[in-house]
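Order of the sequence lines sets the chain letters (A, B, ...), proteins ahead of strands, with each chain counted from 1.
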Amino acid sequence: MPAAAEEQSWAAFFLPLLVTPSPPCSTPRPSIRRLPVLPHDVQDLDRRLQPPCLPGTTTSCSSPTDTCAVGGGHGGGADVSGAGICPGVGRCSQCADALQGVFFMTQPLRVRFAPSPTGYLHIGGARTALFNWLLARKEGGVFVLRMEDTDAERNTEAARETIFRGLDWLGLTPDEGPEQGGPFGPYSQSERADLYKKHVEELIAKGAVYPCFCTRERLAELRAKQEAEKADLGYDRLCRHLDAADVAKRLEEGVPHTWRLKAPLDAEGLVIDDKVRGRVEVAGKDIEDIILVRANGVPVYNLAVVVDDHLMEISHVLRGEDHLTNTFKQLLIYKAFGWEPPVFAHLPLILGPKGEGKLSKRKHPEAALELYQQRGYPTEALVNWLALIGWRMDGETEVMTREELIRNFSLDQVSAGGARLPLDKLDWLSGEYIRNMPVSEVARAIRPFIQSQGWHAEEPLLLTLAEAFQPRIRAFGDIVDQAAWVFEDKEEIEPKALKKLKKEGAADILEAYIPVLLEADFDDVEAMEARARAFCEERGVGLGALVHPLRASVTRRTAGPGLFDCLRLVGKERVIRRIREGIERARS
RNA sequence: GGCCCCGUCGUCUAGCCAGGUCCAGGACACCAGGUUUUCAUCCUGGCAACGCGGGUUCAAAUCCCGCCGGGGUCACCA
């Protein structure tokens, strides 16, 4: 459809909305940036973001930002501040109803990745980060990194670094975060204590929470009793029903206490409109009074998350399915504050390669992103692979560039079921990427691995090496194993290779071939091959009779690049030496 | 155990919301053949799945119920 026609149809849809008289808004434009609650589906991403901006249209609200200054088009571009999105229309919550269609596009999408720095970047976390990032890029939104580091013991600078560098490596650098800053900082929970404190006080003032004086011992006993009786687990709300005077007295005396959230006593349930799973519901009786503030005054994770997501104006929360039950608790906290919760989407978990539970570093070394870095998988291959775990563009397309990933990413193509880590697929995909790279790039990528072994390969040799192994390696690190024979002179010979050497006549033909090699130009692989063919013909034997023992003595293996490439890689002098060793082996 | 989520080839998945075009499509892996000096690449072909049982319907992988199986979660961890 031509752009003009498209715009027209948009106009046809929106103009009636815009000209509809709505009550004049006399209240000053509130500074809240949060969306007010609307009667229809606020959480519908598509409706929220698709309406294009209508240039020059004016809303009924008199606020100066209500005239749209930005031209048509929407959603695209690198400008995360929301270029192409009408900046002011419908900001006024009083007028929202009349402006709903336009209203949505004023709020840029904001997503976050919120890992806790535990010393490594989990591959599932990396996938979560990627999905968030893809959504942000797709919708012209903002990708925020927030450190959930309230657990001081585990929080080290090195652990934070690991996450920063891991994201950088994947090309998922945040738009806002501890390193890049931003208008909603600080971006580490450890630095936000005062904000939590303030909000806890708000909840206390509202009477949404109550102090709980139960000791850990009593809680443990309660739990043991419940388990023994096979009763429902959970706090029995003892302190919720304490006498007010009693509570005041204990507070006065400074009796240690936590603060618990008052869950509604009526049986009303909670509903999550999950963008991946649809409607998820829990009954009211299954909701307990969770602790919000520890006895030491430090707020608990669930409270911090809600406060942060709200304050940071996160519009969409994409996270692992293991948070699904937390979401109910968080929903309650949003309610207690009177805040509108964000859109939720719970991503399928990544299971161990054998399907044995979720991937954990303890059981699975492949849970750590570092491993893939160390093995030398191309970043783009890894990103492509990660995107494919739980998301499909269609049933066919699998190899996609980052741009294609962005263009095609969509939450409703995310599957709900957990997925085993498809490591085979990564090897294949990675090989695919490597084979499609320019040789020079392969050379550059394998170089550090070669150097790490103390081997030396400079320009001409390095390129030959890259060319020879490009179709054979599936990660750049493979070069170390596969090409060891090029550099190591004292390598064990493979049993299979030894067998080839021991074959009848092998030693003789090698011996006879040495003079031919002495005269050969090792850089002219084609000529060498032609000469070898002629040589075999003269002796009345097949090419294999020469090639197999030759390979066995020079590479000490039976598999590898084309033989004459192998010779070139090793160089004339060392080739001759190795052939002589081969002959010895053959005759011993 | 309670609650929640999930259930298509060995694996990752398309199809399910809007039932027929699906005796279920793609990819990886695997197997066979071809090309090749080996291996890899490349090409061709093959194997292989709707968890089970009811129901609704002319018709169900698709809708409903039950069962079974897998996973997650039940901390003053995040």
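- Between the base of A29(B) and the side chain of Lys425(A) there is no donor-acceptor pair shorter than 3.5 Å.
- Here Lys358(A) reaches the OP1 or OP2 of U73(B): one of its side-chain N or O atoms lies under 4.0 Å away.
- Nucleic acid contact for Ala295(A): base, since at least one base atom lies under 4.0 Å from a heavy atom of the residue.
- Rounded to a whole angstrom, the distance from the C1' atom of C74(B) to that of C30(B) is 42 Å.
- Taking atom P in both G26(B) and C47(B), one finds a spacing of 12 Å when rounded to whole Å.
- As judged by a 4.0 angstrom heavy-atom cut-off over every strand, Asp427(A) is placed among residues making no nucleic acid contact.
- Distance noted for atom C1' between A48(B) and C9(B): 5 Å (whole Å).
- Candidate nucleotides G72(B), C28(B), A78(B) were compared by shortest atom distance to the side chain of Asp322(A), and G72(B) ranks first.
- Residue Arg420(A) is in sugar-phosphate contact alone, with no base atom involved, counting any heavy-atom pair closer than 4.0 Å across all strands shown.
- Taking atom CG of residue Asn436(A) and atom P of nucleotide A40(B), one finds them 19 Å apart after rounding to whole Å.
- One side chain, Tyr433(A) or Asn384(A), offers a donor N or O that lies under 3.5 Å from an acceptor on the other.
- The listed nucleotides are A78(B), U37(B), A14(B); the one nearest the side chain of Gln413(A) is A14(B).
- Under the Watson-Crick or G-U wobble criterion, with both distances below 3.5 Å, C47(B) is left unpaired in every strand shown.
- Mapped onto RNA chain B by nearest heavy atom, Arg551(A) and Val280(A) fall at different nucleotides, with Val280(A) at the one closer to the 5' end.
- The salt bridge (charged side-chain N to carboxylate O under 4.0 Å, His left out) with Asp289(A) is formed by just one residue from the set Arg240(A), Arg260(A), Lys262(A); it is Arg240(A).
- Base engagement by Arg392(A) is indicated by at least one non-hydrogen atom pair under 4.0 Å involving a base atom.
- Nucleotides G51(B) and U8(B), compared at atom P, are 6 Å apart to the nearest Å.
- Pair assignment for A24(B) gives none, since no Watson-Crick or G-U wobble pairing has each distance under 3.5 Å.
- Between the CD atom of Gln482(A) and the P atom of U41(B) there is a distance of 11 Å, rounded to whole Å.
- You'll find that the side chain of Glu398(A) is closest to A27(B), out of A27(B), A78(B), C5(B).
- Across all strands shown, Glu396(A) has heavy atoms under 4.0 Å from sugar-phosphate atoms exclusively, and none from any base.
- Within 6.0 Å of CD in Glu404(A) there are more than 12 heavy atoms belonging to other residues, nucleotides or ligands.
- Pairing for U73(B) goes to G2(B), judged as Watson-Crick or G-U wobble with the two contacts each under 3.5 Å.
- Comparing atom distances between the Asp424(A) side chain and each of C28(B), A78(B), C76(B) picks out C28(B) as nearest.
- Taking the side chain of Leu351(A) as heavy atoms from C-beta on, and the options G71(B), C76(B), U41(B), the nearest nucleotide is G71(B).
- When distances run from any side-chain atom of Thr258(A) to the nucleotides U37(B), C76(B), U13(B), the shortest one goes to C76(B).
- With a 4.5 Å cut-off on side-chain heavy atoms, Tyr513(A) and Ile509(A) do not count as touching.
- With a 6.0 Å radius and a threshold of 12 heavy atoms from other residues, nucleotides or ligands, Glu526(A) has its CD atom at or below the threshold.
- The side chain of Glu432(A) has C42(B) as its nearest neighbour among U37(B), U13(B), C42(B).
- Across all strands, Arg319(A) comes closer than 4.0 Å to no nucleic acid atom at all (heavy-atom distances).
- The aromatic ring centres of Phe131(A) and Phe409(A) sit less than 6.0 Å apart.
- Contacts of Arg474(A) with the nucleic acid, taken as non-hydrogen atoms under 4.0 Å apart, involve only primed sugar atoms and P, OP1 or OP2.
- Interface remark: the Asn326(A) side chain does form a donor-acceptor pair with the A78(B) base, using a distance-only criterion of under 3.5 Å.
- Looking at heavy-atom distances under 4.0 Å, Glu281(A) makes contact with sugar-phosphate atoms alone, never a base.
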Checklist entry - Stepwise, does the side-chain hydrogen bond (donor to acceptor under 3.5 Å, both in side chains) test hold for Ser430(A) with Asp427(A)? => result CA-CA 5 Å; Ser430(A) 175; Asp427(A) 279 331; 6.0 Å; no
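- Taking atom P on both C22(B) and G15(B), the two are 15 Å apart, rounded to the nearest angstrom.
- In this structure, His122(A) places its NE2 atom 18 Å from P of A78(B), rounding to the nearest Å.
- For Asp394(A) and C12(B), the CG to P distance is 19 Å, given to the nearest whole Å.
- Closest contact between the side chain of Arg223(A) and the listed nucleotides A75(B), U41(B), A78(B) involves A75(B).
- Classification of the Phe344(A)-His346(A) ring pair by plane angle, with boundaries at 30° and 60°, yields parallel.
- More than 12 heavy-atom neighbours from other residues, nucleotides or ligands sit within 6.0 angstrom of CD on Glu366(A).
- Counting non-hydrogen atoms under 4.0 angstrom, Cys536(A) reaches nothing in the nucleic acid.
- Using a 4.0 Å heavy-atom criterion, one finds that Gly395(A) contacts the bases of the nucleic acid, with or without backbone contacts as well.
- Contact check of residues 552-563 of chain A against RNA chain B (heavy atom, cut-off under 4.0 Å) returns Thr558(A), Ala559(A), Gly560(A), Pro561(A), Gly562(A), Leu563(A).
- Taking the six-membered ring for Trp, Trp385(A) and Tyr377(A) have ring centres at least 6.0 Å apart.
- Across A78(B), A29(B), G71(B), the shortest atom-to-atom separation from the side chain of Leu349(A) is found for G71(B).
- The OH-P distance, from Tyr210(A) to C76(B), rounds to 12 Å in whole Å.
- Across the interface with RNA chain B, nearest-nucleotide mapping of Ile389(A) and Arg472(A) shows Ile389(A) to be the residue nearer the 5′ end.
- In this structure, the CD atom of Glu321(A) is 10 Å from the P atom of G7(B), given to the nearest Å.
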